[in-house]
Amino acid sequence: MSLNPVQFGTEVIDQFGRYLMTTFPIADSAMAAQVREHLTHGVGGDDRLIGKGPYVYLNRPFDQGPSVADLCADKALDLHPALKSIFAFDSVHKHQELALRSVKAGKHTVVATGTGSGKTEAFLLPIVDHALRLRDAGEPDGVVAVIVYPMNALADDQLRRLRPLLAGTRVTFGRYTGATPDEGDPEPGHLKQSRAYTKGELKLLAEGKDEKVALPWEECFSREEIRARKPRLLLTNYSQLEYLLLRDKDLELFRKAPLKFLVFDEVHSYTGVLGSEVACLIRRLRHVTGKGATDVVCIGTSATVQESDSKVDANAATRIFATRLFGVDEPTVDLV
């Protein structure tokens, strides 16, 4: 018995579509009809179930904002012109623009948008802008931004994103967690000078072959290197930050540091006892660096803060939460 692979493949796809419709029924008849139509494999039609997704996307798209080039041309923002080549996007989302304007205005900012909405870029844009200006001014090394993650996996993911982004910028960065080695060189090697990654290196990184690409000159790999070079951006977690503020050999990272930004990812997780401990940690960090509440811009990101049907005003509650956590006045807090 011969097998027609094209016909067989079509039947498998159609059967899987019927399986989805019966396993996950849609109550709305009109929407169910639309989904069934799109899942049906017709001659010359799209293969909706092969290498594509999402199949049914109900979330509304994020509001579109201007391009980074347009933001750099905005005299009111006074952004560094190099940002448009570092963040080479066709355009940013509206909430990213709003967060950028808020942080540039010196407002403590909570960015509460959905997963995958670019919250990282919302705080990286003003941070990198400030670091570039310090670079051009020839200012000495020192930590400008501490970015705190609740889990090491999130810090590691951010580290991988920063490598191609900041390679060649001379804006230094480092990750200080329990996984950071005390000393030594990275296994894939370390670039001896500042340069952007080549297309071939970027392709390897996109394929997940990080072990084949040398780390950029900008990355401080070991604890020894972090202490010696004092990177502009320091990625860590709240437990490690506690240790850093207790040990003399690490305190030099923060004494008289030009700290300007303090970022807490997944800020909604800092409640209860943990929230009280982190609130004290924020105040200790400012004390060690000799900064006041108005000198360091605090930024929180979250994908879980949203309006509810209850009588609680989510926006007001979030501002009060940020006020207590960051130790700042409520009028200085913005919610995006």
S.K.: Would you say the side chain of Phe87 lies within less than 4.5 Å of the side chain of Leu124, judging by non-hydrogen atoms?
M.R.: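 Yes, close enough: below the 4.5 Å cut-off.
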S.K.: Report yes or no: does Ser276 contribute a side-chain atom to a donor-acceptor pair with the main-chain N or O of Gly272 at less than 3.5 Å?
M.R.: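 Confirmed, Ser276 side chain pairs with Gly272 backbone.
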S.K.: Heavy atoms only: give me the nearest Ser194-Arg170 pair and the separation to one decimal.
M.R.: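 In terms of heavy atoms, the two residues are closest at OG-CG, 3.4 Å.
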S.K.: For residues Leu165 and Ile86, determine if any side-chain heavy atom of one lies less than 4.5 Å from a side-chain heavy atom of the other.
M.R.: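 Yes, side chains in contact.
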S.K.: For the NZ atom on Lys119, are there more than 12 heavy atoms of other groups (residues, nucleotides or ligands in this structure) within a distance under 6.0 Å?
M.R.: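 Correct, the count exceeds 12.
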S.K.: Among residues two or more places apart or on two chains, list those pairs meeting ring-ring contact (aromatic ring centres under 6.0 Å, His included) that have a residue in residues 97-130.
M.R.: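 Counting only pairs at least two positions apart or across chains, the ring-ring contact (aromatic ring centres under 6.0 Å, His included) contacts touching residues 97-130 are His130-Phe261.
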S.K.: Check each of Leu162, Leu154, Thr180, Val263 against Leu235 using the side-chain contact (heavy atoms from CB on, under 4.5 Å) test, and report the only one that passes.
M.R.: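 One option only clears the test, and that one is Leu162.
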S.K.: Between Asp250 and Tyr176, is any side-chain donor less than 3.5 angstrom from a side-chain acceptor?
M.R.: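 Per modelled atom types, Asp250 and Tyr176 side chains form a pair under 3.5 Å.
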S.K.: For the side chain of Asn237 and the backbone of Gln240, is there at least one donor-acceptor N/O pair under 3.5 Å apart?
M.R.: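 Looks like yes, one N/O pair under 3.5 Å.
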S.K.: Report yes or no: do Val333 and Leu325 belong to one cluster of Ile/Leu/Val/Met/Phe/Trp/Tyr joined by side chain heavy-atom distances under 4.5 Å?
M.R.: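 Looking at the clustering, Leu325 is in the same group as Val333.
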S.K.: How about CZ on Phe89, more than 12 heavy atoms from neighbouring residues, nucleotides or ligands closer than 6.0 Å, or not?
M.R.: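 It does: Phe89 CZ has more than 12 such atoms within range.
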S.K.: Do Thr301 and Glu266 have side-chain atoms, one donor and one acceptor, less than 3.5 Å apart?
M.R.: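 The answer is no; no qualifying pair exists.
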S.K.: Is the shortest heavy-atom distance from the side chain of Ile147 to the side chain of Tyr149 under 4.5 Å?
M.R.: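 Contact flag for Ile147/Tyr149 side chains = yes.
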S.K.: Does a side-chain heavy-atom distance below 4.5 Å link Leu233 with Val143?
M.R.: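 No, every pair of side-chain atoms sits at 4.5 Å or beyond.
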S.K.: Hey, what do you get for CZ (Phe221) to CG (Leu159), rounding to the nearest 0.5 Å?
M.R.: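 The CZ atom of Phe221 sits 9.5 Å away from the CG atom of Leu159.
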S.K.: Are there more than 12 heavy atoms of other residues, nucleotides or ligands under 6.0 Å from atom CD of Glu211?
M.R.: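 Yes - once you tally the heavy atoms of other residues, nucleotides and ligands closer than 6.0 Å, there are more than 12.
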S.K.: For Gly184, is there any backbone N or O sitting under 3.5 Å from a side-chain donor or acceptor partner on Glu224?
M.R.: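 Checking the backbone N and O of Gly184 against the side chain of Glu224, no donor-acceptor pair under 3.5 Å is found.
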S.K.: Mark yes or no for whether Thr169, through its side chain, and Leu166, through its backbone, hold a donor-acceptor pair below 3.5 Å.
M.R.: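 Yes; judged by distance alone, with no hydrogens or angles, the pair exists.
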S.K.: Is the backbone N or O of Leu285 less than 3.5 Å from a side-chain atom of Thr289, with the two atoms forming a donor-acceptor pair by type?
M.R.: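 Yes.
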S.K.: So does Pro81 get a backbone contact from the side chain of Lys84, meaning a donor-acceptor N/O pair under 3.5 Å?
M.R.: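 Confirmed, Lys84 side chain pairs with Pro81 backbone.
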S.K.: If I take atom CD from residue Glu97 and atom CG from residue Asp70, how far apart are they, to the nearest 0.5 angstrom?
M.R.: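 If I round to the nearest 0.5 Å, the distance is 9.5 Å.
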S.K.: Measure across Thr177 and Arg223 and return the closest heavy-atom pair with its distance rounded to 0.1 Å.
M.R.: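 For Thr177 versus Arg223, the nearest heavy atoms are O-NH2, 3.1 Å.
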S.K.: Decide whether Val128 and Val111 are clustered together by the hydrophobic rule: side chain heavy atoms of Ile, Leu, Val, Met, Phe, Trp, Tyr closer than 4.5 Å, transitively.
M.R.: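 In one cluster with Val128: Val111, no.
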S.K.: Using 0.5 Å steps for rounding, measure from the NE2 atom of His190 to the CG atom of Asp185.
M.R.: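 Between His190 NE2 and Asp185 CG, I get 8.0 Å after rounding to 0.5 Å.
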S.K.: Are there over 12 heavy-atom neighbours, none belonging to Gln64, within less than 6.0 Å of that residue's CD?
M.R.: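 No, not enclosed.
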S.K.: Quick one: list whatever passes ring pair (Phe, Tyr, Trp, His ring centres under 6.0 Å) with Tyr197, sequence neighbours left out.
M.R.: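 Listed in chain order: nothing, the list is empty.
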S.K.: Between Lys107 and Pro331, is there a donor-acceptor pair closer than 3.5 Å when you use the side chain of the first and the backbone of the second?
M.R.: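 Checked: pair present.
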S.K.: Check whether Phe264 and Val336 end up in the same hydrophobic cluster, where Ile, Leu, Val, Met, Phe, Trp and Tyr are linked by side-chain heavy atoms less than 4.5 Å apart.
M.R.: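 As far as the 4.5 Å side-chain criterion goes, Val336 and Phe264 are not connected within one cluster.
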S.K.: Are any of the side-chain nitrogens in Asp329 or Arg319 under 4.0 Å away from the carboxylate oxygens of its partner?
M.R.: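 The answer is no: the pair does not qualify as a salt bridge.
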S.K.: How long is the straight-line distance from CG of Leu335 back to CG of Leu98, given to the nearest 0.5 Å?
M.R.: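 That separation rounds to 10.5 Å.
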S.K.: Got a salt bridge between Glu201 and Arg195, using NZ or NE/NH1/NH2 to carboxylate O under 4.0 Å?
M.R.: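 Yes, this pair counts.
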S.K.: Salt bridge check, Arg161 against Glu121: does any charged N sit closer than 4.0 Å to a carboxylate O?
M.R.: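 A salt bridge is present here (some side-chain N lies under 4.0 Å from a carboxylate O).
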S.K.: Measuring only between side-chain heavy atoms, which start at C-beta, is Asp295 closer than 4.5 Å to Leu259?
M.R.: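 Not touching, per the 4.5 Å side-chain cut-off.
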S.K.: Side chains of Leu253 and Ile226, heavy atoms from C-beta outward: is any pair under 4.5 Å?
M.R.: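 Leu253 reaches Ile226 side chain to side chain.
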S.K.: Leu241 and Leu281: side-chain contact (heavy atoms from CB on, under 4.5 Å), yes or no, with the steps?
M.R.: CA-CA 8 Å; Leu241 184 58; Leu281 189 62; 3.8 Å; yes
S.K.: Count I, L, V, M, F, W, Y as connected when their side-chain heavy atoms are under 4.5 Å apart, and connections chain through other members. Are Val267 and Val103 then in the same cluster?
M.R.: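 Not linked; separate clusters.
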S.K.: Between the side chains of Asn315 and Thr318, is a donor N or O closer than 3.5 angstrom to an acceptor N or O?
M.R.: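 No.
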S.K.: Specify the closest pair of heavy atoms between Arg101 and Leu71, including all atoms of both residues, with the distance to one decimal.
M.R.: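 Distance-wise, the nearest heavy atoms are NH2-CD2, 4.3 Å.
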S.K.: Measuring from Cys280:SG to His287:NE2, what's the distance to the nearest 0.5 Å?
M.R.: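 Interatomic distance, Cys280 SG to His287 NE2, rounded to 0.5 Å: 13.5 Å.
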S.K.: Judged by atom type as modelled, is there a donor-acceptor pair below 3.5 Å linking the side chain of Asp129 to the main-chain atoms of His80?
M.R.: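 Indeed, once roles are kept as given, a pair shorter than 3.5 Å links the two residues.
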S.K.: Looking at the rings of Phe62 and His95, which for Trp means the six-membered one, are their centres under 6.0 Å apart?
M.R.: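 Ring centres of His95 and Phe62 closer than 6.0 Å.
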S.K.: Might you point out which heavy atoms bring Ser269 and Pro150 nearest each other, and give the distance in Å?
M.R.: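 Minimum heavy-atom separation between Ser269 and Pro150: OG-CB, 4.2 Å.
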S.K.: Go through the steps to decide whether Asp78 and Arg133 satisfy the test salt bridge (Lys or Arg N to Asp or Glu O under 4.0 Å), and finish with yes or no.
M.R.: CA-CA 11 Å; Asp78 190 29; Arg133 294 191 179 281; 3.5 Å; yes
S.K.: Are Leu262 and Ile127 joined in one hydrophobic group, where the rule is that I, L, V, M, F, W and Y side chains link up if heavy atoms are under 4.5 Å apart?
M.R.: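 No, no single cluster joins them.
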S.K.: Answer yes or no: does atom CG of Asp90 have more than 12 heavy-atom neighbours from other residues, nucleotides or ligands under 6.0 Å?
M.R.: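 No, the 6.0 Å shell around CG holds no more than 12 heavy atoms from other groups.
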S.K.: Does Arg175 reach the main-chain N or O of Cys220 with its side chain, forming a donor-acceptor pair under 3.5 Å?
M.R.: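 No, because the side chain of Arg175 does not come within donor-acceptor range (under 3.5 Å) of the backbone of Cys220.
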S.K.: With a 4.5 Å limit on heavy-atom distance, are the side chains of Leu245 and Phe254 in contact?
M.R.: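 A side-chain contact exists here, since the closest heavy-atom pair is under 4.5 Å.
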S.K.: Could you grab the distance from atom CD of Glu207 to atom NZ of Lys203, nearest 0.5 Å is fine?
M.R.: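 Between Glu207 CD and Lys203 NZ, I get 3.5 Å after rounding to 0.5 Å.
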S.K.: Show the numbers, then the answer: is there a salt bridge (Lys or Arg N to Asp or Glu O under 4.0 Å) between Arg163 and Glu219?
M.R.: CA-CA 7 Å; Arg163 286 167 181 161; Glu219 182 174 345; 2.7 Å; yes
S.K.: Just so I know, are the side chains of Val297 and Ile299 near enough to count as touching, which here means a heavy-atom distance under 4.5 Å?
M.R.: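 They are in side-chain contact.
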S.K.: If you take all heavy atoms of Arg232 and Pro258, which pair is closest and at what distance?
M.R.: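 Of all heavy-atom pairs spanning Arg232 and Pro258, the closest is NH1-CG, 3.9 Å.
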S.K.: Please say whether the positively charged group of Arg229, taken as NZ for Lys or CZ for Arg, lies over the ring of Trp217, i.e. under 6.0 angstrom from the six-membered ring centre and within 45 degrees of the axis.
M.R.: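 Arg229 over Trp217 ring: yes.
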S.K.: Taking it one step at a time, do Val278 and Ile282 satisfy side-chain contact (heavy atoms from CB on, under 4.5 Å)?
M.R.: CA-CA 6 Å; Val278 171; Ile282 291 171; 4.3 Å; yes
S.K.: On the 0 to 90° scale, with breaks at 30° and 60°, tag the Tyr238-Tyr270 ring pair as parallel, tilted or perpendicular.
M.R.: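 The rings of Tyr238 and Tyr270 stand perpendicular, inter-plane angle above 60°.
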S.K.: Considering all heavy atoms of both residues, which atom of Pro188 and which atom of Val213 are nearest to each other, and what is their separation?
M.R.: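 Closest approach of Pro188 to Val213, heavy atoms only: CB-O, 3.3 Å.
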